[in-house]
Amino acid sequence: MIKVAIKESLEKALSGACQQGLLGSLECPDTAIVIERPRSPEHGDYACGVALKLAGKAKMPPLKIAQTLATAVESDIANFASAEVAPPGYINFRLQKDVLQEALRTIHKNGPDYGRSSVGGGKKVLIEYVSANPTGALHIGHGRGAVFGSCLANLMRFGGFKVEEEFYVNDAGVQIAQLGACCWSLYKKHFGKDSEYPTEGYPAESLQPYVDELIAKHKDEFMALDDEAGVKIMGLTAKVIIEDSQRRLLERLGVSFDRWFSELPLHAEGKVDNAIEVLKKSSLVYESEGAVWLKAKDLGDERDRVLVKGDGTKTYLAGDAAYHLDKFQRGYDLLINIWGSDHHGQVPGLKAVIAALGHNPEQLEVILTQMVNLSRDGQVVRMSKRMGTIIYLEDLIDEVGRDSVRYYLAESSPSNAISFDLELAKKTSRENPAFYIQYAHARCCAILRRALEPTLNQETQKEEPALITADEWTQWKRSFAESPEVFARVFEDDPEVFVQQKKLIMQLALFPEEVEESVISRQPGRLARYAYEVANDLQKFYEVCRVITDDKEVMKARLGLIDATKQVLANALAVIGVTAVERM
RNA sequence: GCGCCCGUAGCUCAGUGGAUAGAGCAUCCGCCUUCUAAGCGGAGGGUCGUUGGUUCGAAUCCAACCGGGCGUGCCA
């Protein structure tokens, strides 16, 4: 990567200059070198402001430091870039033309693997997300977690991590008992037996579809049971049905898990008790008022937390302790939990329990996803369970389609509340970025088809041979791989065209850097926005330069650029899980 | 009250302590005999919530305050 090469070269120059005493009072370089991309083209392709940072410590004018570094670095990078100094003390780097050819060659060579990185170092990561209670349908908030989690998993896999995805099913607590009670009531009612619906329960309308499914499957076979057994079997049976419908819905969104991890066995197999025993040995646990407490306050939480309630039942935290102990025992290097931001209060408690269990809480990263507000043509759609205006994920996918849902939920940073406009997400125009990126990809495909496939002449109704045969094309690609020189034919003398070409190629060349930065900052949304930039640069190039021309060699070179653009768009879209469509 | 997150163009959002704070939409003005105009170009639009501080330099770091969201159970 060019950026890395520049950075390393500068680091070398910096420590060399220090040793030679060229930097005044500065003896060792303790300032991190940041390479940035200047906004204005007159500042080159890359820039570094490290001389400005060093000026104070070195007690030297920044321009002089920049000059020293630039001179030292020049010969090192001479084969791909030039360095120049600009006031107040920047070092600007300008890439040579053949770097652009080299970038395209790399794209062609690596294809679907272009951009793949090894920053993850093969570390094993478990990403746990969605983990919705199996007591009802998924709504748009779950959708955001699902899309973000699945994008992060794709991204980290692409970035060299070994990733597993897991859905934790809270099927052990009171909510299952409550689900059972509600369903039991509806079940009995269906077979003509009067029954009071639990007052504290889930809304009957939301459960009715599942009970209907349950009845279709099991008929009246449970009617002989007494209430206690009935509630129990209803809880278990309804849970399976609901979990199944959640699974099918998530699959429609392109979200699938390596494992659906059930809480129930943790209790049944004594793993929760075991975790509590381990905690008790740590002397970070005490009994008070008939309950067992964790000294969470000593471990960074705002107060202590109950593990075992006065009635002997375990809290959510106790189950989580066992679950996370299990995760650690499975040998992951890193755990990532994606939670709705309404659970942020639980983070310190979980970190505390992990520390008390003798593990490093820093191995757990909790990423919180903020709310999704819906709007329609700019008008806010209020979401409320009580008013029945809650938007279910299924309805959303039905209305705007899987790709738009994924794009919009992936695009933004999870820490920001977002607003999802239903009408915008359906539009097939520039306004809708999800569409715009797909359109760009389809346009690349259309151009390639036009050149490489036989066409039907509209006037004569006769098939005309492809402008370039398949053989010619593979041969060109091969010669390009061996010597990027053949690509030089793409470059235009017309400065207006060249500017757009260079912009597009530079953008494509940045993809690996973009991937790494996204991986490190855990922000797959950056790649969604990056894809949009690529689409935009493609459109601008398309406007000023025809790909299909009479000069075959020029045409092939330009097709090479279109092919590379298509590849980069496809690779970025693959990470965010949006389909790269070939025709529109 | 306390804790966490967020305040950037009319709207939706970018913005890793650095050069003139950026996109898209919306508004106005241009551009179709040409590979998809489902598009492109141009213009206007900003006290980066406020006030202090650190720094050669702050939208970015720190503090206080003002707004909005969420949380603050022996609920999950």
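Every heavy atom of this structure was used, including side-chain atoms; hydrogens, water molecules and symmetry mates were not. Chain A is the first sequence line, chain B the second, and so forth, proteins listed ahead of strands; every chain is numbered from 1.
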- Task: Give one of base, sugar-phosphate or nothing for A/S288, where a contact means two heavy atoms less than 4.0 Å apart.
- Result: base
- Note on the structure: The nucleotide from B/C13, B/C74, B/U16 with an atom nearest the side chain of A/S419 is B/C13
- Message: Whole angstroms only, please: what is the CG-C1' distance between A/N373 and B/G68?
- Response: 11 Å
- For A/L424 and B/A26, what is the distance between atoms CG and C1' respectively, to the nearest whole Å? 12 Å
- In terms of side-chain heavy atoms of A/N416, which of B/C13, B/G39, B/G69 is nearest? B/C13
- For A/I447 and B/C35, give me the distance from atom CD1 to atom C1', rounded to whole Å. 5 Å
- Message: With syn defined as a glycosidic angle within 90° of 0 and anti as the rest, where does B/C29 land?
- Response: anti
- Distance-only side-chain donor-acceptor flag, A/E166 / A/Y323, under 3.5 Å: yes
- Message: Taking only side-chain N and O atoms of A/R526, does any of them lie within less than 4.0 angstrom of OP1 or OP2 on B/G15?
- Response: no
- Tell me which nucleotide among B/A19, B/A76, B/G39 gets nearest to the side chain of A/H43. B/A19
- Query: Can you name the nearest heavy-atom pair linking A/L207 to A/C183, along with the distance?
  - Reply: CD1-SG, 4.3 Å
- Message: Taking only side-chain N and O atoms of A/K540, does any of them lie within less than 4.0 angstrom of OP1 or OP2 on B/G41?
- Response: yes
- Regarding the side chain of A/S412, the nearest nucleotide among B/A14, B/C75, B/C5 is B/A14
- Query: When we call it a touch if two heavy atoms are under 4.0 Å apart, what does A/R529 touch: a base, just sugar-phosphate, or nothing?
  - Reply: sugar-phosphate
- Going by modelled atom types, is there a donor-acceptor pair between the base of B/A26 and the side chain of A/E431 at under 3.5 Å? no
- Query: How far, in whole Å, is B/G52 from B/G10 if one measures between their P atoms?
  - Reply: 24 Å
- Got more than 12 heavy atoms from elsewhere within 6.0 Å of CG, A/D311? yes
- To the nearest angstrom, the CZ-P distance between A/R443 and B/A38 comes to 9 Å
- Rounded to whole angstroms, how far apart are NE2 on A/H441 and P on B/A38? 20 Å
- Message: At 4.0 Å (heavy atoms only), tell me whether A/E289 reaches a base, stays on the sugar-phosphate, or touches nothing.
- Response: base
- Side chain of A/Y439, base of B/U36: donor and acceptor closer than 3.5 Å? yes
- Message: Categorize A/L307 for me: base, sugar-phosphate, or nothing, with a 4.0 angstrom heavy-atom threshold over every strand shown.
- Response: nothing
- Item | Separation between the C1' atoms of B/G22 and B/A59, rounded to whole Å | 12 Å
- Task: Please tell me which of the listed nucleotides, B/U72, B/A76, B/A19, lies nearest to the side chain of A/V174?
- Result: B/A76
- Message: Could you tell me how far apart A/R449 (CZ) and B/U36 (P) are, to the nearest whole angstrom?
- Response: 8 Å
- Query: Without hydrogens or angle criteria, can the side chains of A/Q175 and A/T135 be said to hold a donor-acceptor pair below 3.5 Å?
  - Reply: no
- Walking RNA chain B from its 5' end, the first of A/N432 and A/T313 to be reached, judged by nearest nucleotide, is A/N432
- Message: With a 3.5 Å limit on both atom pairs, tell me what B/A26 is paired to, counting Watson-Crick and G-U wobble, or say none.
- Response: none
- Mind checking A/A442 for me? I need base, sugar-phosphate or nothing, with any heavy atom below 4.0 Å counting as a touch. base
- Measure from CD on A/E411 to P on B/G24 and round the result to the nearest Å. 14 Å
- Message: Within the 4.0 Å heavy-atom criterion, would you say A/N92 contacts the bases, only the backbone, or no part of the nucleic acid?
- Response: base
- Among side-chain atoms of A/S412 and A/R144, is any donor-acceptor pair under 3.5 angstrom? yes
- Message: At 4.0 Å (heavy atoms only), tell me whether A/T428 reaches a base, stays on the sugar-phosphate, or touches nothing.
- Response: base
- Message: So A/Y542, base contact, sugar-phosphate only, or nothing? Heavy-atom distance under 4.0 Å.
- Response: base
- Task: Please check the phosphate of B/A76 (OP1 and OP2 only) for any side-chain N or O of A/K309 closer than 4.0 Å.
- Result: yes
- Message: At less than 4.0 Å, is any side-chain N or O atom of A/R37 found next to OP1 or OP2 of B/G22? Yes or no.
- Response: no
- Task: Please evaluate the base of B/G3 for a donor-acceptor partner in the side chain of A/H344 within a cut-off of under 3.5 Å?
- Result: yes
- What nucleic acid atoms does A/R303 come within less than 4.0 Å of, heavy atoms only: base, sugar-phosphate, or nothing? sugar-phosphate
- Item | Of A/F435 and A/R450, the one whose closest RNA chain B nucleotide lies more 5' | A/R450
- Using distance alone, with no hydrogens and no angle criterion, decide if A/E84 and A/N92 have a side-chain donor and acceptor under 3.5 Å apart. no
- Among the nucleotides B/A76, B/G24, B/A14, whichever has the atom closest to the side chain of A/S413 is B/A14
- Message: Working to the nearest 0.5 angstrom, can you tell me the gap between A/N337 CG and A/L350 CG?
- Response: 6.5 Å
- Query: Whole Å only: how far is the OH atom of A/Y407 from the P atom of B/C13?
  - Reply: 13 Å
- Message: Need one value for A/G310: base, sugar-phosphate or nothing, where a base atom within 4.0 Å counts as base even if backbone is also close, heavy atoms only.
- Response: base
- Query: Within the structure, does a side-chain N or O atom of A/Y168 lie under 4.0 Å from either OP1 or OP2 of B/A76?
  - Reply: no
- Query: For the residue pair A/I33 and A/K7, what are the closest heavy atoms and their distance?
  - Reply: O-CE, 3.2 Å
- When we call it a touch if two heavy atoms are under 4.0 Å apart, what does A/Q346 touch: a base, just sugar-phosphate, or nothing? base
